[in-house]
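Structure record follows, encoded as structure tokens.
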Amino acid sequence: FDEYPLVYAGERVVELPLVAVVRRDDTARYVSFVYGDCRASAEAGCAPPAEIQVWPAESRHAAVYDSAAPGTPIPERTTIRGSPAAFFDDGTRLEIYLERVTVVVFSDSRARVLEIARALRCLARPPPGDADRRLDC
């Protein structure tokens, strides 16, 4: 895969194993790293305990949320590892805006999302230096 850099959290994060890597290229375009399993019931599906999506920057970026249109989520802007970022959905979703990609982390709490964000690294080559290095791959 060489369309854009991929960022993930390794084979295991927050005690959850990497269970799937899914490429979506239809109405949305991203690569998803799924961690842990959920138990769907006959009545309803479920979301995995943690997921990291990597989108090309031109498909998903911070300017999407600059609209005053009804229903547009309001970002809680922050900086993660030197890159602009924003929390959404009471901290259960974090978007990190890198030069070529947007990394979206989903989990059940802000604390878990931040722990996953600290574990992020480039798939093709690990970044040199400490964990606070920018994630530009």
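Not measured: the values here are computed from a predicted model.
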Could you measure the distance from the [atom1] atom of [X] to the [atom2] atom of [Y]? Nearest 0.5 Å is fine.
X: I116; Y: L94; atom1: CD1; atom2: CG; answer: 9.5 Å
X: L18; Y: I52; atom1: CG; atom2: CD1; answer: 8.5 Å
X: E115; Y: E15; atom1: CD; atom2: CD; answer: 8.0 Å
X: L114; Y: I80; atom1: CG; atom2: CD1; answer: 5.5 Å
X: D90; Y: D108; atom1: CG; atom2: CG; answer: 12.5 Å
X: E95; Y: S83; atom1: CD; atom2: OG; answer: 13.5 Å

Between [X] (side chain only) and [Y] (backbone N and O only), is there a donor and an acceptor less than 3.5 Å apart?
X: Y30; Y: V104; value: no
X: T79; Y: G82; value: no
X: S32; Y: R24; value: no
X: T102; Y: R60; value: yes

Item to complete: Kindly determine whether V54 and F33 satisfy side-chain contact (heavy atoms from CB on, under 4.5 Å), including the steps that lead there.
Response: CA-CA 8 Å; V54 184; F33 297 88; 4.1 Å; yes

Discussion item. Would D37 and L16 count as a side-chain contact (heavy atoms from CB on, under 4.5 Å) here? Give the steps.
Written reply: CA-CA 9 Å; D37 290 317; L16 297 168; over 6 Å; no

For [X] against [Y], the heavy-atom pair lying closest together:
X: R112; Y: S107; answer: CD-OG, 2.6 Å
X: V103; Y: V7; answer: CG2-CB, 3.9 Å
X: R29; Y: S59; answer: NH1-OG, 4.1 Å
X: P49; Y: C38; answer: CD-N, 4.5 Å
X: G36; Y: P48; answer: O-CB, 4.2 Å
X: V113; Y: G91; answer: CG2-O, 3.6 Å

Discussion item. Salt bridge or not between E58 and R100? Use side-chain N to carboxylate O under 4.0 Å.
Written reply: no

Taking side chain as C-beta onward, heavy atoms only, is [X] less than 4.5 Å from [Y]?
X: V31; Y: F1; value: yes
X: Y8; Y: Y35; value: yes
X: V21; Y: L6; value: no
X: W55; Y: V101; value: no
X: P75; Y: F87; value: no

Worksheet item: Does CG in D25 sit with more than 12 non-hydrogen atoms of other residues, nucleotides or ligands closer than 6.0 Å?
Response: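 Atom CG in D25 is crowded, with more than 12 foreign heavy atoms closer than 6.0 Å.
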
Worksheet item: Would a hydrophobic clustering, with Ile, Leu, Val, Met, Phe, Trp and Tyr connected at side-chain separations under 4.5 Å, put V105 with L123?
Response: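 Yes, same cluster.
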
Item to complete: Consider only side-chain heavy atoms of I, L, V, M, F, W and Y, link residues closer than 4.5 Å, and tell whether L98 and F106 are in one cluster.
Response: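 Each belongs to a different hydrophobic cluster.
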
Item to complete: Output, in order, the C-alpha distance, side-chain angles, deciding distance and verdict of salt bridge (Lys or Arg N to Asp or Glu O under 4.0 Å) for R93 and E51.
Response: CA-CA 10 Å; R93 180 176 103 214; E51 180 179 5; over 6 Å; no

